[in-house]
2 protein chains.
Amino acid sequence: MTRRPVTSVDVARLAGVSQSAVSRAFSPEASISPAMRARVLEAAATLNYRPSRIPAIMLSGRSLMIGVIVGGLSNPFYASALEQVAVSLQASGFQVLLVHVDDALTLDAALNQLASYRVDAVITALAIGTRDTAEALSALNIPAICFNSRFVGRNISTITSNNRQSGAMAAKIMRECGVRFPVWLAGPARNAASRERRHGFFDALTDHALIDHALIDHALTSDTPSPHPILELQGNDTYESGFNAMRDLLDRNFRPDGLFCSNDLMACGAMDALRDHGGLACPKDVIVIGYDNIPQGAWHAYDLTTFDQRTEKLVDAAMDILNDAFRPGAKALSRKIVVAAALVVRRSTAKAPPQVR
Amino acid sequence: MTRRPVTSVDVARLAGVSQSAVSRAFSPEASISPAMRARVLEAAATLNYRPSRIPAIMLSGRSLMIGVIVGGLSNPFYASALEQVAVSLQASGFQVLLVHVDDALTLDAALNQLASYRVDAVITALAIGTRDTAEALSALNIPAICFNSRFVGRNISTITSNNRQSGAMAAKIMRECGVRFPVWLAGPARNAASRERRHGFFDALTDHALIDHALIDHALTSDTPSPHPILELQGNDTYESGFNAMRDLLDRNFRPDGLFCSNDLMACGAMDALRDHGGLACPKDVIVIGYDNIPQGAWHAYDLTTFDQRTEKLVDAAMDILNDAFRPGAKALSRKIVVAAALVVRRSTAKAPPQVR
DNA sequence: GATGATGTTGCATAGCTATGCAAAAACCGG
DNA sequence: CCGGTTTTTGCATAGCTATGCAACATCATC
């Protein structure tokens, strides 16, 4: 086994032709006679030769690699999103250079790596919140696409779900179900999407003033941080945080009858706490709404009403941006795209409205 | 915005030094004076220059990229495995070139892509069963590492969980719980790991002859494929397949009291069917054992006893293989490593043995 | 100050493929 | 068979960085 990989010159020598001929044999559009191509391909097969894209990267300035930055693949939503991104990129002839990131520190190093491998663009599903990271992204001077991030900047495009309207929709469901003690289970504070969902939810609920403020205020103990009439719990997007937050609430003898969670993982955790810790039945005693439409939400143990972000549409939008960005003569673009989420109604909100409309 | 990326020559010109100096400024071991380095780095910062690894790939013959082939990220086990592989590879200074594969057809194309990008090695968690794919992998002439695949070949190393012993361990638990009507819920037939688990489970159960054959035989209808005294259900590693298989069994009025599933997703599905469709309580009426230790198995709705494959050990083993393979003067290696799975006992098997020992 | 040792810098080149251009070949019509 | 047209082939080169080597500078030592 020779360590050096087979080169086009090796093939050319074996076939008794020039190196250019070998190159052309592997290029479908090239001008080459069928006889020549056959001869070359035969020699190539003998040596098990495959043309390298590395020199082509230098010449063309296009690596056809897209840097994909991920974090938290333990959330099935992100795992699935990554899968769809990978499939779409491959279908468009791109390669995926994957980078996993834990914190902002790693991100900087990751961006350096991606830059040195000359990726043509970057796609990330991280909640890029800080100005620093956005600027670092901009400085790469290549198209960047962020999912569910609010940040805009030169060369940065964002694709988000219509989080605010979805929040309002959740509020509408609460009203229709006659919810009197609504609870909002928030994701991490730095998550822009979570903040938007909260915004829409709170605004729509308080606007319509269908909440029994007095009762809720009464239920709030002094150390509750939220100044709103809707009870707010703090989570961090994991099942455990949802379970714990709800368990603590139940321990304080608060019995919600409506719960909107910033994502499905927390919703599942909260539902388990409601059932096992509070003895509350869903949807009879409490209705629950999540976000993301992860497969687990459809499992019979949960049967969770949720919002589907339509990842396929998000990903399609990303592909459109890439195509536009690479069109010859294209300028740096920073587009902002919002895709409407689709409400998926399941049993967790199947409560007959107790009051006549 | 100039389309052409900044080059080391640009930096050299601005700093008034040679191109070599720029290169050395970015190479920690290089012989260069602090003054020179500072000057270069300043110019580089001005131009936002980062050295490209592309020419270095050509010169060194090492891309430091590892091709990672995945499929079925909707299984949290694989998503998590990918995450850990990515983290470890990055920590070792490698990049991850990710390829998603649906079927064998795509795999061939994927291998060609990886080869043309000159990845230094390939890691895959696919169940590579056919001889063709293994040969294609071998033909790449680079180290290949397969998780949970039985195939061996030149340059192919395999890392598997000790599936057979785990199966035997599951049988032991069944015996201790006094199970009389055991059921095996299999993964796809082409999944080598699933076959091994079945093997260990069946052997250990029949060896000890603690199963009430007559009763089980009676329960088997004529069209049941399995010739064994243990009832065998066919799944495809998804929640739905587990749910459906169990529901169909219950519809035929069979009431199992012990269930071993080839993976946790199917176990969760089967548990939901047992509860909602058969009215059976776990662990009182039926005990359930899964495989993989996905987070969902720990959720309160399931609380599933399962086998943890110790992904961190599998991944460490993979890193060891890579390091050895890249050691100067190393020969092609095809190692076979087996890592013992760790039994995680939870409530789904918490049944007091009814019979005195 | 001469000598040698050590440290620093620049020059030149390798690495592999795609492609513009020119040369050669093939083909075609008369 | 010949000039012209089209097709095919080979030559030469670009693309960017790391590094061996030589040249040069610096420094210490006697």
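Reminder, nothing fancy here: chain letters follow the sequence lines and each chain counts from 1.
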Under 4.0 Å between any heavy atoms, over every strand shown, what does B:Ile32 touch: base, sugar-phosphate, or nothing? Just pick one. sugar-phosphate
List the steps, then state whether side chain to side chain donor-acceptor pair (under 3.5 Å) holds for A:Gln84 with A:Ser80. CA-CA 6 Å; A:Gln84 292 183 52; A:Ser80 156; 3.3 Å; yes
Which nucleotide in the set D:dT17, D:dG10, C:dG15 lies at the smallest distance from any side-chain heavy atom of B:Met58? C:dG15
Return the nearest nucleotide to the side chain of A:Met36; candidates are C:dT9, D:dT9, C:dC11. D:dT9
Output the rounded distance in Å from CZ (B:Arg13) to P (D:dT17). 12 Å
For A:Arg53, which contact category applies under a 4.0 Å heavy-atom criterion: base, sugar-phosphate, or nothing? nothing
Nearest of C:dT17, C:dT8, C:dG20 to any side-chain atom of A:Thr7? C:dT17
Assign each of B:Ser20 and A:Ser27 to its nearest nucleotide of DNA chain C by heavy atoms, then name whichever residue's nucleotide is nearer the 5' end. B:Ser20
Donor/acceptor link under 3.5 angstrom from B:Ser18 side chain onto base of C:dC11: no
Can you find an N or O donor on one side and an acceptor on the other, under 3.5 Å apart, linking the side chain of B:Glu29 with the base of D:dA18? no
What is the separation between atom CZ on B:Arg37 and atom C1' on C:dG7, rounded to the nearest whole Å? 14 Å
So, taking the atom named OG1 in B:Thr106 and the one named NE2 in B:His100, what distance separates them when rounded to the nearest 0.5 Å? 9.0 Å
Say you draw a straight line from CG of B:Leu126 to CZ of B:Arg190; how long is it, rounded to the nearest 0.5 Å? 11.5 Å
Starting the side chain at C-beta, find the nucleotide from C:dC16, C:dT8, C:dA18 nearest to A:Gln19. C:dA18
Under 4.0 Å between any heavy atoms, over every strand shown, what does A:Ser23 touch: base, sugar-phosphate, or nothing? Just pick one. base
Quick one: A:Arg24 CZ to D:dC11 C1', roughly how many Å, whole number? 10 Å
D:dC16 C1' sits how many Å from B:Arg50 CZ, rounded? 17 Å
Side chain of B:Pro51 - closest among D:dG10, D:dA18, C:dA12: D:dA18
Counting side-chain heavy atoms from C-beta on, which of D:dT8, D:dG10, D:dT17 comes nearest to B:Leu59? D:dT17
Ignoring hydrogens and angles, write down the donor-acceptor pairs under 3.5 Å from the side chains of residues 15-27 of chain A, residues two or more places apart or on other chains.
unit_1: A:Ser18; atom_1: OG; unit_2: A:Ser20; atom_2: N; d: 3.4
unit_1: A:Ser18; atom_1: OG; unit_2: A:Ala21; atom_2: N; d: 3.3
unit_1: A:Gln19; atom_1: NE2; unit_2: A:Ser8; atom_2: OG; d: 3.4

Look at the side chain of A:Ala56 and decide which nucleotide, out of D:dC11, C:dA18, D:dT8, has an atom nearest to it. C:dA18
Between A:Leu322 and A:Ser92, is the side chain to side chain contact (heavy atoms under 4.5 Å, CB included) condition met? List the steps. CA-CA 10 Å; A:Leu322 283 188; A:Ser92 303; over 6 Å; no
Are any non-hydrogen side-chain atoms of A:Arg39 and A:Leu41 less than 4.5 angstrom apart? no
Between C:dC16, D:dT17, C:dA18, which nucleotide gets closest to the side-chain atoms of B:Ser8? D:dT17
Report for the helix from C:dG1-D:dC30 to C:dG30-D:dC1: angle between first-end and last-end helix axes, five pairs each, rounded to 10 degrees. 30°
Throw together a table of side-chain donor-acceptor distances under 3.5 angstrom for residues 311-321 of chain A, partners on residues two or more places apart or in other chains.
none

Give a yes/no answer on whether the side chain of A:Tyr49 brings an N or O atom under 4.0 Å of OP1 or OP2 in C:dT17. yes
Can you check the B:Asp10 CG to D:dT17 P distance for me, whole Å? 9 Å
Given D:dC16, D:dG15, C:dT8, identify the nucleotide with an atom nearest to the side chain of A:Pro55. D:dG15
Tell me: CZ of B:Arg62 to C1' of D:dT17, nearest whole Å? 17 Å
Can you check the A:Leu47 CG to C:dC16 P distance for me, whole Å? 14 Å
With side chains defined as the heavy atoms from C-beta onward, is the minimum distance between A:Val99 and B:Gln90 less than 4.5 Å? yes
